[in-house]
Amino acid sequence: MAWAGKLLRVNLTAGTCTTEALRMDWAKLYLGQRGLATKYFVEEVDAKVDPLSPENKLIWATGPLTGTMASTGGRYSVITKGPLTGAIACSNSGGYWGAELKMAGWDMIIFEGKSPKPVYLSIVDDVVELRDASHLWGKTVWQTEEMLKKESQDPLTRVSSIGRSGENGVLFACIVNDLHRAAGRSGVGAVAGSKNLKAIAVRGTKGVGNIRDPKQFMKVTAEKKKILRDHPVTGQGLPTYGTQVLMNVINETGALPTRNHRDVQFEGASKISAEAMAEKRPTDGKSHLVTNQACFGCTIACGRISKLDETHFSVKNKPEYWGASGGLEYEAAWALGAAGGINDLEALQYANMLCNEDGYDPISFGATVGAAMELYEMGVLTKEHTGGLELKFGSAEMLCKLAELVAKGEGFGKEIGLGSKRLCTKYGHPELSMSVKSQEFPAYDSRGIQGMGLTYATSNRGACHLRSYTVASEILGIPVKTDPLVTEGKADLVKAFQDATAAFDSSGTCVFTTFAWTLADLAPQVAAACGEEFTMENLGLIGERIWNLERDFNNRAGFSRKDDDLPPRLKTEAAKTGPAKGLVSGIDKMIPEYYAARGWDDNGQLKADTRARLGL
Ligand code: SF4
């Protein structure tokens, strides 16, 4: 079967590495990656744990399809209790690192405790070793990758690491691999930093040879790749334009949050769109976009590699400029752009490059800058607070300056690095943090896309679009078109998306396949690799079980009905323009319907029969 069948447990306090057999009874119930690692996590960690204490654990996990020839089968997840949110955190990443870990023969690595000094973990197949990382501490992600590849004397070594922001306790610090791919949200990088864990360097030469029915697996994965190739989104839209193609679409829909969600349409959207990325610049005659890029085994290739205009003010003073960087992706372009009313594409690319280089989440960063700009405009924040920075909406200079300060952990960047909830609370306006469970919203306004409001409010890791992307249905009509402006039917829609996404996230494949695939397409691939019991129905049940497992942990951590809510702005200030003009979010109507669909009580706790049905 496609699991490697073993995990590595690393005690950072004692400096020990031990091998354990994978709990196959749990793998049957939780599949792998997000689901299985969460099962280990909730069994081993007290829900009340301080996320930045040695008692918190940090798990890197692959899925059964990671490293196989299933399309997009290169994913891994990082699971912990998130310091930004205080909730369960699971952040996924693509690139090549996950497949390399699997090919070294490991399903999962569990880190516990705290190292007395900076360390990194070296894995070459079965040979594992904790090594001194003093020389890497203070280095960026990109420097760390380069140094560890050189040290290993093997250019195929893959590195998953934190940058300076993770070391400095930025609460939305990421874990980054392959330069541009990140386990991006909830501050998983800050947990690594708190443990003095800089990186994992891995080289695997074993392959993934234990597929249950190799012939059937080859046949079915080839069929499913064809579906991706033939679909207009996964076969044309994403490879050609990347996710940023959504910028103009969502703006026209009237759901592009602008200036800290004061507006729902951005007058500068076309200047920061995918189309603008492909245009030639008047300054140097070159387009921003260099090429697209695929993660391991991916037949979609949504990734972007772009190059800045070297005469732009942002790069002029950066001698170590690398020349090209990942992005822009839609969410980052929105957060760094529309959220602060900024339409300077080069500045967005520069800030995004720093997010990649030093490992912090551009969504939370950009949204926090937007909140700070509103506080500044209100006169609540002044130049005395900001160290002389004039944080006006629309200022590309301020965006770039703050990105530099956050990366280095200096000046007002330290306050930005704590996220918008803590910033707005400190200055007396918690209601201006556009977040749920202290995690900032991504790029869709809940007044213009009602289902996304419910998605955000109920997301187990705080506001997130990747837990239930109802934009697919409400805007793109996938798998069926629903009206984005109404609340009717959204409870069931969100539940269905959440459960299916949990199954995809636990399989080792990328959620972007779900533009073309359903669980009916995933099931035969998992079945051929792992066992006939993985039918479509069973995968749906596994997804639901995982969702409830995460929820139950959060409930024990202290979350309840009061935390499944949106900021007052979205419930009381109607959209001013666009198709949603005059509308507010109908979240208060949707929550009871959603709880009923989930089998939870009025306070959002699992009822006994729900627990029994799911075996929790
Ligand atoms: S669709 Fe994009 S993010 Fe997903 S695996 Fe492919 S390249 Fe990576």
Side-chain angles (χ1 to χ4, degrees), residues 32-34 61-78 90-102 158 160 174-185 221 224-246 274 277 289-306 324-333 352 355-356 361-363 442-443 464-467 469 471-472 476 478 500-501 503-518 521-522 525:
Q33 202 168 320
R34 173 176 162 187
T62 62
L65 298 187
T66 305
T68 71
M69 60 188 294
S71 183
T72 76
R75 310 290 300 184
Y76 74 96
S77 296
V78 181
C90 168
S91 287
N92 299 344
S93 184
Y96 288 75
W97 189 91
E100 200 70 27
L101 180 70
K102 189 74 169 293
R158 300 288 174 181
S160 177
C174 313
I175 288 169
V176 180
N177 57 286
D178 301 293
L179 301 178
H180 320 294
R181 288 288 167 190
R185 302 222 70 193
T221 52
K224 300 308 175 189
K225 283 175 187 169
K226 184 170 183 322
I227 292 175
L228 294 176
R229 200 166 54 240
D230 292 345
H231 193 280
V233 174
T234 50
Q236 287 173 9
L238 285 173
T240 310
Y241 297 108
T243 55
Q244 209 179 347
V245 72
L246 285 166
M277 287 285 284
L289 189 64
V290 178
T291 183
N292 63 340
Q293 195 181 52
C295 300
F296 175 89
C298 177
T299 52
I300 302 173
C302 79
R304 310 284 95 183
I305 298 295
S306 54
S325 176
L328 287 166
E329 313 300 337
Y330 171 61
E331 304 295 334
N352 188 63
C355 290
N356 285 335
D361 170 18
I363 299 178
C464 173
H465 59 298
L466 292 173
R467 287 297 174 271
Y469 194 67
V471 175
L476 304 175
I478 298 170
T501 303
F504 273 91
D505 284 346
S506 303
S507 71
T509 59
C510 176
V511 74
F512 286 173
T513 57
T514 59
F515 287 114
W517 290 352
T518 67
D521 298 296
L522 182 64
Q525 299 182 78

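When a ligand or atom number is given, it counts from 1 through the structure's own listing order. For this chain, numbers begin at 1 and follow the sequence in order.
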field: Residues forming a side-chain hydrogen bond (donor to acceptor under 3.5 Å, both in side chains) with S93, sequence neighbours excluded
entry: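 Partners of S93 under the side-chain hydrogen bond (donor to acceptor under 3.5 Å, both in side chains) test: N177.
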message: So, using side-chain hydrogen bond (donor to acceptor under 3.5 Å, both in side chains) as the criterion, who are the partners of H231 when residues are at least two apart?
response: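 For H231 there are no side-chain hydrogen bond (donor to acceptor under 3.5 Å, both in side chains) partners, ignoring immediate neighbours.
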Report, one line per pair, each donor and acceptor closer than 3.5 Å where one atom sits in a side chain of residues 234-242; sequence neighbours left out.
unit_1 : atom_1 : unit_2 : atom_2 : d
T234   : OG1    : L228   : O      : 2.7
T240   : OG1    : Q236   : O      : 2.6

query: N92 versus L466: any side-chain heavy-atom pair under 4.5 Å?
result: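 With C-beta onward as the side chain, the pair stays apart.
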field: Side chain T66, main chain R75, donor-acceptor under 3.5 Å
entry: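 Present.
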task: Under 2.8 Å from atom 6 (Fe) of ligand 1, how many protein N/O/S atoms do you get? Just the number, please.
output: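 With waters ignored, the protein N/O/S count below 2.8 Å is 1.
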- request: Would you mind telling me which of L289, T243, T291 makes a side-chain contact (heavy atoms from CB on, under 4.5 Å) with R304?
  value: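 With R304 as partner, side-chain contact (heavy atoms from CB on, under 4.5 Å) holds for just one option, L289.
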